[in-house]
Q: 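Let me begin by handing over the structure; questions about it come next.
Because only heavy atoms are used, hydrogens play no part in the values below, and waters and symmetry mates are left out as well, while side chains stay in. Every chain is numbered from 1, with letters handed out A, B, ... down the list of sequences.
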Amino acid sequence: MSLKNIRRSRLGFLRALVIAGRSGRVTRRYPYEEPLVTSDFRGKIDIDETKCIGCGACVNACPPNALELINTRDGYVSLRYFVGRCIFCWRCIDVCPTGAIKGTREFELATNDISDLYDIIVHEPNKCRECGKLFSTKRMGDYVVTKSPLVENYVDLDPDCRKSRFLRAIENRFGGGIE
Amino acid sequence: MDIISKYIDAIKAIEPRADIHVSDDTVYTTVSSSKLRDLAKAIYWDMDCFFRTCVGADERSINGFYALYHIFGDDRNGLNIVLKVYADPNNPTIPSIVDIVPAADWCEMEARDLLGIEFSGRKQYRLVLPPYWPKDLYPLRKEVPYNVKPQVIISSEKVGSWGKAPTGVAVPVGPYHPALHEPEYFELYVEGERVVDVRYRGFHVHRGIEKLGESKLTYQQVNFVAERICGICGFEHSVCYAQAIEKAAGIEIPERAKFIRSIVLEVERIHSHLLWVGVAAHLLGYDTGFMHTWRIREHVMVIAEMLTGSRKTYGINLIGGVRKDINEEKKRRALDVLKIIEKEFAELVKTMVNVPQIMKRLKGTGILPREDARKLSVVGPTARGSGLDRDIRRDLPYAAYGYADFNVPVYDEGDNLSRFLVRVDEVYESISIIRQLLDQLPQGPIMIEEFDIPEGRMAVSVVEAPRGEDIHFVITGRGKPYRWKVRAPTYQNIPALRVMLRDQPLADAPITIASIDPCFSCTDRVFIIDKHGHRKSLDQIMYRWR
Amino acid sequence: MSKPKFLGKSIWVFHLNTGSCNGCDIEVLDVLTPYHDAERFGVKLVVSPRHADAALLTGPITIESLPKVLRAIEAMPRPRIIIALGSCACGGNIWHSSYSVIGGVPELLKILDERGIEVDGVYYVPGCPVRPESIVYAVGLIKGLVPKKIKPKVKKVGG
Amino acid sequence: MEYLIFSIVFAGLSLLIPPLMDGIERKIRARVHSRIGPPITQTWYDLLKLFEKELVIPEGGLHIIILSLLYAMLAILTIIFTVSMVLMGYRYVLIVIITLFLFVQAIFTTVPFITSNPFAIIGASREVMLALVNEVFFVIILGLYMFFTGSPGLLLGSTSLLRASMILLVITLFVSAYVASGRIPFDIAEAEPELASGALIEFSGPILGMFMYSNFIKRLFVKLVPSMLILLPFTNNWLYLLIGSFAMAIILWVLYGLIAALLGRTRVDIAPISILKIYIPFIIVSILLYLAGY
């Protein structure tokens with residue numbers, strides 16, 4: 001296709017009319033017609049609260065930190081999804097253990113107020129039976145128990161109580177005081 | 001291979017005690033800083049290699065030193081030569097090689113800006129960070145957190161003023177100029193309508209991705225940052241990064257994944273070249289050409305979305321393979337679309353070449369002679385337009401390019417028209433590559449899950465982006481890369497702009513700047529072109545950090 | 001400044017790239033091309049902030065481009081709108097907390113208030129890169145042709 | 001009395017249709033680009049929106065505004081003058097409207113010089129370069145026309161116009177009208193990609209609206225003059241002449257819009273040469289034809 005073998009003609013530029021004529025008006029009247037979106041498009045994700053256990057696997061996998069676990073003042077843990085920062089890579093769907101996140105083809109996300117872009121899932125926290133502190137989520141506890149039943153008897157202890165119980169257990173067994 | 005031994009003898013001749021070890025296509029040597037300059041001269045000029053880039057690294061936690069890797073490339077034999085120099089931690093200075101290798105100017109200044117390595121024997125200036133960034137805060141040092149925010153007062157400083165303008169009227173092109181679509185700032189000094197001198201200040205797009213890569217993100221997440229280095233050739237960076245890690249860790253990815261990567265790379269090259277042809281027509285006032293080229297390009301975006309799930313940032317590439325497969329139905333639709341593109345694009349180029357104004361303004365403007373191109377080691381279509389026959393897909397074949405045969409278009413006039421024709425020819429080459437690869441698509445898995453990435457390995461991986469060769473240098477760490485350096489193609493082409501823009505009419509400045517298809521978000525580099533212009537610190541900017 | 005009657009009919013946009021990876025920028029150009037053709041809504045891409053009504057702001061606003069962004073927005077005559085395109089502008093994308101980036105339009109609005117530069121409207125269009133159809137949908141939203149589809153959802157998880 | 005009604009009608013028409021015609025031109029350009037394009041009245045919406053925006057005083061200070069007001073008024077005056085004087089059948093109409101037009105063109109080239117924006121200065125200098133070639137030949141051609149017909153004004157029904165040399169003259173006038181209207185190959189004064197709409201870069205809101213509106217009126221005027229000359233031999237009534245020339249101007253507008261969509265933009269040093277290559281041969285041939293008696 002080098003320049004030498006392109007036929008140069010003075011009125012060659014009129015051929016643009018031929019091209020335009022042949023292609024016709026290709027505009028998709030989008031808001032009133034179907035857009036050019038294929039079935040494989042990755043759009044906004046949708047978190048199903050019946051399956052989400054608040055484990056945070058998606059939070060670790062999300063490159064732009066669009067998914068964050070925030071714990072409000074009274075100990076409630078909630079998963080916040082900020083669509084504004086999401087890059088629609090669907091890594092969270094790959095890593096979610098319970099398949100709670102579903103990908104949609106939604107892309108009409110324009111808004112004039114940024115608070116529309118936040119989806120929040122508020123989780124029930126676990127209450128530690130010894131010291132009453134609220135930690136992680138109840139759903140997480142049930143999920144862990146279903147996965148490995150033997151942890152059942154100390155799943156409702158918050159991490160510090162659990163550690164001190166564990167240390168005491170070792171101490172009793174070896175008879176030495178570990179303070 | 002005798003070539004490698006040739007290099008080893010050359011290095012041994014200058015530095016007898018150098019410990020050299022060779023991985024599959026890279027020769028690593030550690031040299032003392034005193035011998036660096038003559039070694040660089042030997043490799044760059046006597047062995048006729050090209051300069052790829054230099055990487056500064058803060059290795060105080062590994063061996064207590066700062067390190068600088070000079071990377072040379074021997075395209076014909078597909079070899080990378082890495083010279084490593086140490087600099088002591090409290091006063092890191094390394095002799096500069098910019099007078100021997102002019103292309104090393106920028107990366108040395110970047111190492112100075114981000115790591116604080118001083119270079120003796122040259123004029124030093126701030127390159128990457130804004131002028132009001134505190135003097136002694138070097139972001140890439142390990143102890144500096146990635147989200148440090150120095151307290152600076154951004155007064156409305158005079159854009160790009162460096163003291164007296166050399167001559168004539170200063171025409172500010174940018175930072176928001178319609179021709180550039182990106183915030184880069186060229187100051188053209190004009191006499192009448194003839195450009196006398198050019199000053200360039202960029203770095204509006206410096207987002208500190210290298211610091212993020214080694215602090216906040218994990219191995220797999222860095223893929224998505226790499227993909228967003230450039231919005232047009234993002235997949236090249238992501239493949240280049242993944243290949244660098246795979247080469248460092250010795251991971252062998254399945255054949256089918258290699259094929260899918262090459263196919264999507266070529267889809268991206270077609271879309272990038274069609275985009276450029278449209279923008280070039282727009283810059284020359286021929287909007288009909290712009291509209292029709294982008295109408296044809298829309299088909300490419302649709303099949304890209306069908307193959308990968310997103311129009312542009314494909315996001316299917318991970319270390320170890322790809323995330324999305326190509327089935328028979330998608331293969332058939334892709335081949336149909338390629339047929340349409342081939343036919344319509346050929347007709348459109350025939351029309352555009354016959355528009356009188358386009359030919360007059362493309363032929364003979366923005367000349368880059370062959371020896372200047374060689375001296376500045378320009379890459380990609382800019383090099384192929386000036387007679388340098390360089391193409392990484394043929395010289396260092398990666399992914400599945402070994403299976404496809406294609407020829408590399410080279411023109412030697414070196415003007416805007418030859419760069420235009422190189423890109424037009426490359427669209428057809430890409431279409432034929434995709435057809436060949438789609439036919440030979442092997443069966444099998446598309447990703448391997450279990451692999452481990454050992455610490456402390458080094459790797460250089462090179463990929464042919466639409467704009468030139470794109471280099472990623474990686475040192476592996478625990479869970480995330482220890483050091484990750486990106487040298488984008490336009491980084492190497494911008495110095496050539498001064499040669500092209502000198503003594504050209506102002507009206508051709510936008511088309512000449514666009515002829516190297518600059519992708520500033522890849523590059524985000526800056527440099528001062530003219531001889532005596534030294535960047536004075538803009539005094540009206542107050543620092544509160546100190 | 002009451003919303004003028006004709007701003008809905010003809011919106012002149014100015015493309016303000018503040019450090020974007022130019023994925024959204026080519027989608028801004030793509031909106032003018034035949035398949036999406038934003039000109040049928042009266043959208044015209046102008047070249048200087050002096051002529052513009054709306055600033056199509058792409059990119060996470062790096063600190064290098066911040067002074068120029070402030071001057072460009074100041075140069076736009078009132079009533080002026082900022083349309084934040086893409087996840088870089090809406091929330092700062094992956095580098096929202098990096099050292100050389102201020103992190104998107106929400107932070108920019110704070111700096112604008114600090115300096116007393118009023119803006120008559122801010123629209124957010126998420127997407128990475130933002131689809132041309134999303135931009136057309138945002139233009140439709142500004143003109144009042146289409147309803148706002150996205151709603152914030154707060155879901156409480158059962159016991 | 002009916003003269004008054006006609007002149008009001010035509011004056012109103014000549015102030016109303018330029019932006020509409022520009023809307024039609026954008027529709028044609030959209031069709032060549034194979035897209036839908038804006039509604040016809042889009043240019044009017046743009047102008048009305050511009051007049052609603054805030055008036056930012058450009059760097060050149062208040063006299064920019066005064067000059068742009070002057071420019072807009074003069075442009076409107078020229079077109080109304082043309083319409084009413086032609087209707088009245090005034091003999092020296094040609095000379096008067098040409099001087100008014102040149103005065104308007106002079107203001108357009110000087111206003112950007114006041115703003116200190118380098119793009120505006122370069123845009124204006126390009127406008128001067130182009131005007132030097134185009135307006136000069138516009139006047140030369142009309143001068144030759146007057147010399148050939150022997151009368152300083154418009155001669156209704158004069159058959160002399162059907163001679164070959166005269167037709168050649170009027171054809172060059174059409175080409176000059178295309179160049180004067182600042183369409184694609186020759187819009188180097190506001191070359192968007194290079195100079196960021198050079199001459200108009202500093203104006204915003206109402207001032208920009210006035211400048212654009214006056215440019216549209218100038219385009220209509222520049223098409224009216226040659227179409228009037230070409231229609232002279234076919235009518236002997238001034239009203240029909242005006243109606244005919246308006247119709248022809250509209251057809252010309254559509255034709256020019258189509259041509260503009262198919263060409264690229266020239267450079268400021270190529271533009272004058274390519275124009276001269278058209279004008280000089282045409283004029284020499286027409287003079288020779290005249291001397292040879294045709």
Q: Crowded around B:Arg333 CZ? As in, over 12 foreign heavy atoms under 6.0 Å?
A: no

Q: Counting only heavy atoms closer than 4.5 Å, note whether B:Thr293 contacts chain D via side chain, backbone, both or neither.
A: neither

Q: How about residues 207-223 of chain D versus chain B: which residues have heavy atoms under 4.5 Å apart?
A: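 Within residues 207-223 of chain D, no residue comes under 4.5 Å from chain B.
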
Q: Sort D:Ile184 into side chain, backbone, both or neither according to what part of it lies under 4.5 angstrom from a heavy atom of chain B.
A: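 For D:Ile184, the side chain is the part near chain B, not the backbone.
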
Q: For D:Tyr256, which residues count as a ring-ring contact (aromatic ring centres under 6.0 Å, His included) partner, sequence neighbours excluded?
A: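 ring-ring contact (aromatic ring centres under 6.0 Å, His included) list for D:Tyr256, sorted by chain: D:Tyr178.
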
Q: Taking all atoms of both residues into account, what is the closest heavy-atom pair of B:Val355 and D:Gly264, and its distance?
A: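 Of all heavy-atom pairs spanning B:Val355 and D:Gly264, the closest is CG1-N, 3.7 Å.
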
Q: Apply salt bridge (charged side-chain N to carboxylate O under 4.0 Å, His left out) to B:Arg295 and list each qualifying residue two or more places apart in sequence or on a separate chain.
A: B:Glu344

Q: Heavy atoms, side chains only, cut-off 4.5 Å: are B:Arg361 and D:Arg265 in contact?
A: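 A side-chain contact exists here, since the closest heavy-atom pair is under 4.5 Å.
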
Q: Between CZ of D:Arg267 and CD1 of B:Ile511, what distance do you get to the nearest 0.5 Å?
A: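 CD1 of B:Ile511 is found 11.5 Å from CZ of D:Arg267.
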
Q: Do B:Met291 and D:Ser34 come close enough that some side-chain heavy atom pair is under 4.5 Å?
A: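 B:Met291 vs D:Ser34: side chains apart.
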
Q: Distance-only, no hydrogens or angles: does the B:Thr288 side chain make a donor-acceptor pair with backbone N or O of D:Leu262 under 3.5 Å?
A: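 No; judged by distance alone, with no hydrogens or angles, the pair does not exist.
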
Q: Is the shortest heavy-atom distance from the side chain of B:Lys360 to the side chain of D:Thr266 under 4.5 Å?
A: no

Q: Looking only at atom types and distance, does a side-chain atom of B:His292 sit under 3.5 Å from a main-chain N or O of D:Val32, one as donor and one as acceptor?
A: yes

Q: If the condition is salt bridge (charged side-chain N to carboxylate O under 4.0 Å, His left out), which residues does B:Lys312 pass it with, not counting sequence neighbours?
A: B:Glu268

Q: Taking atom CZ of D:Phe282 as the centre, report whether more than 12 heavy atoms of other residues, nucleotides or ligands fall under 6.0 Å from it.
A: no

